[in-house]
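Labels below follow one simple rule: chain letters A, B, ... track the order of the sequence lines, proteins then strands, and each chain is numbered from 1.
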Amino acid sequence: MKEILTKNLNPSQSEAVLCTEGPLIIFAGAGTGKTRVITHRIAYLLSLGVKPWSILAVTFTNKAAAEMKKRVASLIPHSGADVWISTFHSFCAYFLRVEASKINLNPDFLIYDFADQKNVVKDCMKELNIDDKKFKISTITDKISRAKDDLKFPSDVAAEAERAGNFLGAATAKIYELYQKKLERAGVMDFGDLIMRAVSSLRKYPELLKHYREKYKYIMVDEYQDTNHAQYMLIKLMAGGHSNICVVGDDDQSVYSWRGADINNILDFEKDYPNAKSVKLEQNYRSTPKILSAATQVVKHNNARISKRLWTQNPDSESVSVLKALNENDEAEKIADLIYPNTYNNKYKLSDFAVFYRINAQSRAIEDAFRRFRIPYAIRGTLRFYDRAEIKDIMAYLKLIHNPNDNISFKRVINIPKRGIGKTSVETLEKFALLKNMSIRQAMPFAQEAGLNKGPIKALNSFAQLIKNFSGLKENNSVKSLAEKVIKDSGYLEELETENTPESKVKIENIQELISAIDDFERSSSNDKSLAGYLTQISLISDIDSLDESNGRVTLMTLHLAKGLEFDNVFICGLEEGLFPIGESAFNHKELEEERRLMYVGMTRARKRLHLCWSAERKIFGKTIWNMPSRFIAEAGFKDEFNETEYNQKQSLRSFNRKKAEIIRGDGGAPSDYEITKDEPLYASDRDSSPYKIGTLVLHPVFGNGKIVEKSGIGNDLKLVVLFENGQWKKLLARIAKLTLI
DNA sequence: TAGCCCGGCGTTTTT
DNA sequence: CGCCGGGCTA
């Protein structure tokens with residue numbers, strides 16, 4: 001076995017594979033064969049006689065989990081398939097369901113997605129009389145999700161808000177509390193709950209923790225840089241006994257902090273597990289040296305990173321270039337010009353090209369140009385199959401059949417197709433239900449008492465009968481035939497057929513696709529074929545459109561979605577200050593570094609050619625803007641694109657406008673803590689006269705030489721984050737730490 | 001109740 | 001520039 005491994009792997013790869021005991025961190029640079037290492041490591045463990053069911057490997061996406069499973073199974077045909085490889089969320093969902101009785105939980109819970117969450121928050125705000133113009137629903141949803149990522153209960157959020165005198169936080173806490181009650185009452189969990197509940201259960205029940213520590217003797221985590229605090233804690237708890245924990249990741253590819261990911265989990269791993277071994281994978285097998293060097297140069301501008309030296313043996317060629325355009329249409333046409341197959345004498349297929357952009361709105365100009373040039377393209381990630389309205393409608397019917405008390409699903413389908421039950425009727429009934437502490441479904445028989453009109457009452461009764469009939473069918477019918485009955489008996493299909501528009505035809509096709517997906521699900525032997533089993537699986541697998549759609553097409557997508565993929569030819573477009581780095585991120589150290597990592601991710605997707613595109617003028621959201629080329633172009637080594645003097649002029653203008661905007665915005669209302677933290681670096685750097693600036697080199701009596709990489713607060717409260725030569729990080733209070741400037 | 005119009009708003013979104 | 005949600009009217 002060892003021989004096979006070493007034959008397949010380079011020295012650092014095999015070093016990582018052979019290190020099986022104790023904590024191990026693998027820094028896997030872009031294109032360095034990360035998946036190969038993980039799968040070989042699992043195979044090696046199995047070859048040592050480790051039982052497959054005592055290995056746990058967690059990833060973030062179903063795609064990654066499936067890929068890993070496949071590769072492990074092909075490396076070790078007999079037992080490879082028995083290794084538990086799954087996403088964090090499906091692992092936790094499984095855990096919670098299996099242990100439900102021990103942790104006082106109803107195992108029949110369903111999972112709410114983002115749209116459901118927003119609906120619940122909306123209901124909560126209405127109920128609490130909180131104006132949704134004052135606090136945006138998405139802001140609150142986000143705050144609640146972040147709180148769960150951080151393992152914070154409503155009381156924690158409330159206490160924090162109180163301490164900081166923060167209105168938004170206080171509102172969030174109140175809403176969060178009610179939100180949680182509603183979720184519990186409906187017997188559902190959101191994504192954050194899955195992880196948080198698993199962690200709190202392991203904490204609360206020591207014997208359970210002990211059991212899992214013994215069960216999974218070897219734990220591996222992929223994309224560790226993307227873990228949030230709750231996920232970090234979950235792993236830390238489970239690995240607590242044996243410490244056979246292996247994490248793989250790349251701090252330079254951490255681009256999801258806005259979703260709760262904490263880059264410090266990877267940066268601090270060696271602090272967390274003091275006897276940890278660290279292996280760096282630095283040989284890149286993907287890109288040309290020029291691409292690799294350009295990408296490295298960019299990311300080198302970041303301070304918050306572990307230093308590494310990527311190299312490659314790949315042959316070089318003229319592989320990175322800058323494309324300057326007059327406006328967004330010109331940019332798109334120039335890209336189209338370069339892609340047009342004749343340009344490359346059919347050297348490449350269309351699927352060898354990808355266009356990345358920072359925001360989805362940029363795709364329009366590119367799509368228009370591609371249509372004019374007749375270049376087939378596929379956009380990835382805009383609207384997922386399970387996010388389509390017609391699919392969500394049918395799913396809501398199924399969810400309601402599973403759980404009649406699911407108010408969100410109830411409200412979704414009560415008047416779809418139209419049956420004469422309008423907004424006011426539903427609202428009145430809901431208020432009544434709330435008053436009587438019932439679900440809306442339970443309140444239906446009391447429609448008259450609630451004060452509804454005759455018409456709606458009649459419609460309501462027949463709707464109640466409809467759902468009752470469906471519920472009666474759920475025991476003796478497959479999910480597929482249940483779904484078929486739903487679309488027929490509800491009149492949903494009929495309404496679409498009568499509509500008979502191109503749109504309605506597509507919807508019908510999608511519904512047919514859903515039915516066949518359900519059929520596939522039921523034919524696959526390993527699944528729990530109950531309605532609940534199906535609904536859970538769907539909530540956790542909202543897989544993006546089938547892969548073959550990108551065959552024979554150029555791929556268009558956001559930079560975030562590009563992570564993990566690779567293409568021969570890559571265009572990164574919209575490389576302009578204000579768009580990429582986006583918005584005000586250039587004024588915030590942390591945000592700028594994340595933008596830079598995103599740039600790094602985009603660049604390292606390219607195998608053969610990389611085009612960096614920027615446009616002097618751009619119309620976005622109906623407004624024309626004139627931007628400077630992105631600093632990232634200069635950082636990649638194309639200095640002539642970037643005029644420093646001009647940039648500085650614009651920057652001071654920007655910060656001036658920004659402050660002006662704040663003054664205008666200042667309505668004396670509640671200060672939002674979001675804005676305060678965002679503003680901090682700008683104010684701090686503008687106002688304070690302290691000698692501590694970001695980038696300043698300092699000497700600490702204990703830790704030695706270091707560099708200031710972050711600062712917050714002013715005066716006595718000035719806090720500095722210093723990265724020391726030994727790679728350690730310290731957060732220091734400037735007035736206490738005895739720092740000398742060097 | 002349903003359909004229309006107007007105004008506000010717009011970064012990224014693995015589960 | 002387009003989308004979505006809220007409010008108004010038939």
Side-chain angles (χ1 to χ4, degrees), chain A residues 58-66 86-93 111-118 122 132-133 136-138 141-142 145 148-149 189-195 222-223 225-228 230-231 253-261 328 356-362 364-365 368 380-384 386-387 389 414-415 417-427 452-456 459 536-544 557-565 574 578-585 591 594-595 597-599 601-602 618-624:
Chain A
V58 277
T59 65
F60 279 86
T61 64
N62 292 298
K63 208 177 129 198
S86 76
T87 62
F88 271 103
H89 295 271
S90 46
F91 171 76
C92 289
I111 297 157
Y112 268 0
D113 65 15
F114 186 59
D116 297 327
Q117 285 181 48
K118 283 213 296 208
K122 199 173 166 186
D132 64 6
K133 273 171 205 115
K136 271 193 333 193
I137 291 167
S138 59
T141 324
D142 221 51
S145 297
K148 292 183 179 181
D149 291 344
M189 298 220 182
D190 63 20
F191 290 127
D193 284 333
L194 293 173
I195 317 281
D222 187 21
E223 305 275 15
Q225 77 282 353
D226 288 334
T227 48
N228 60 38
Q231 290 159 338
Q253 294 188 59
S254 160
V255 293
Y256 283 109
S257 75
W258 49 276
R259 287 194 73 191
E328 79 280 6
F356 303 154
Y357 36 79
R358 182 62 239 263
I359 61 171
N360 288 120
Q362 285 172 261
R364 177 155 284 133
D368 286 348
R380 278 189 67 158
T382 28
L383 193 56
R384 293 194 230 148
Y386 290 98
D387 282 342
I414 176 74
N415 204 28
K418 300 207 166 49
R419 35 177 85 88
I421 307 168
K423 229 172 34 186
T424 25
S425 293
V426 176
E427 233 164 64
L452 266 72
N453 293 328
K454 270 202 192 110
T536 306
Q537 131 121 9
I538 285 315
S539 319
L540 294 172
I541 302 177
S542 60
D543 222 341
I544 329 176
M557 64 181 135
T558 62
L559 284 140
H560 281 90
L561 287 181
K563 203 172 80 167
L565 306 175
L579 184 57
F580 191 24
I582 202 167
E584 309 291 316
S585 62
E591 288 178 17
E594 181 145 322
E595 293 292 303
R597 291 192 291 267
L598 191 57
M599 177 69 180
V601 166
R618 178 178 302 275
K619 203 183 213 173
I620 209 147
F621 301 136
K623 258 190 184 155
T624 304

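- With sequence neighbours excluded, no residue satisfies side chain to side chain donor-acceptor pair (under 3.5 Å) with Ser425(A).
- Of the candidate nucleotides dG3(B), dT12(B), dT15(B), dT15(B) has the atom lying nearest to any side-chain atom of Thr87(A).
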Filtered N/O pairs between nucleotides 6-10 of chain B and protein, under 3.5 Å:
| residue | atom | partner | partner atom | Å |
| --- | --- | --- | --- | --- |
| dG10(B) | OP1 | Lys136(A) | NZ | 3.1 |

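- A donor-acceptor contact under 3.5 Å links the side chain of Arg259(A) to the base of dT15(B).
- Phosphate proximity of dT13(B) to Thr558(A): present, with a side-chain N or O under 4.0 Å from OP1 or OP2.
- Rounded to whole Å, atom P of dT15(B) lies 12 Å from atom CG of Asp226(A).
- Under the side chain to side chain donor-acceptor pair (under 3.5 Å) criterion, Asp116(A) pairs with Lys399(A), not counting sequence neighbours.
- Taking the side chain of Ile582(A) as heavy atoms from C-beta on, and the options dT11(B), dT13(B), dT1(B), the nearest nucleotide is dT11(B).
- Within 4.0 Å of Lys563(A), counting heavy atoms only, lies no atom of the nucleic acid at all.
- One finds a side-chain N or O of Asn415(A) lying less than 4.0 angstrom from the OP1 or OP2 phosphate oxygen of dA2(B).
- Contacts of Lys423(A) classified as side chain to side chain contact (heavy atoms under 4.5 Å, CB included), with partners at least two apart in sequence or in another chain: none.
- Running 5' to 3' along DNA chain C, contacts with non-hydrogen atoms of chain A at under 4.0 Å begin and end at dC1(C) to dG6(C).
- Of the side-chain N and O atoms in Thr61(A), none sit less than 4.0 angstrom from OP1 or OP2 of dT15(B).
- At the phosphate of dT15(B), OP1 or OP2 sits under 4.0 Å from a side-chain N or O atom of Asn62(A).
- Comparing atom distances between the Arg358(A) side chain and each of dG3(B), dT12(B), dT1(B) picks out dT12(B) as nearest.
- One can place OH of Tyr256(A) at 10 Å from P of dT15(B), the figure rounded to the nearest angstrom.
- At the phosphate of dT15(B), neither OP1 nor OP2 sits under 4.0 Å from any side-chain N or O atom of Ser539(A).
- Under the rule for a side chain to side chain donor-acceptor pair (under 3.5 Å), the partners of Ser257(A) that lie at least two apart in sequence or sit in another chain are Glu594(A).
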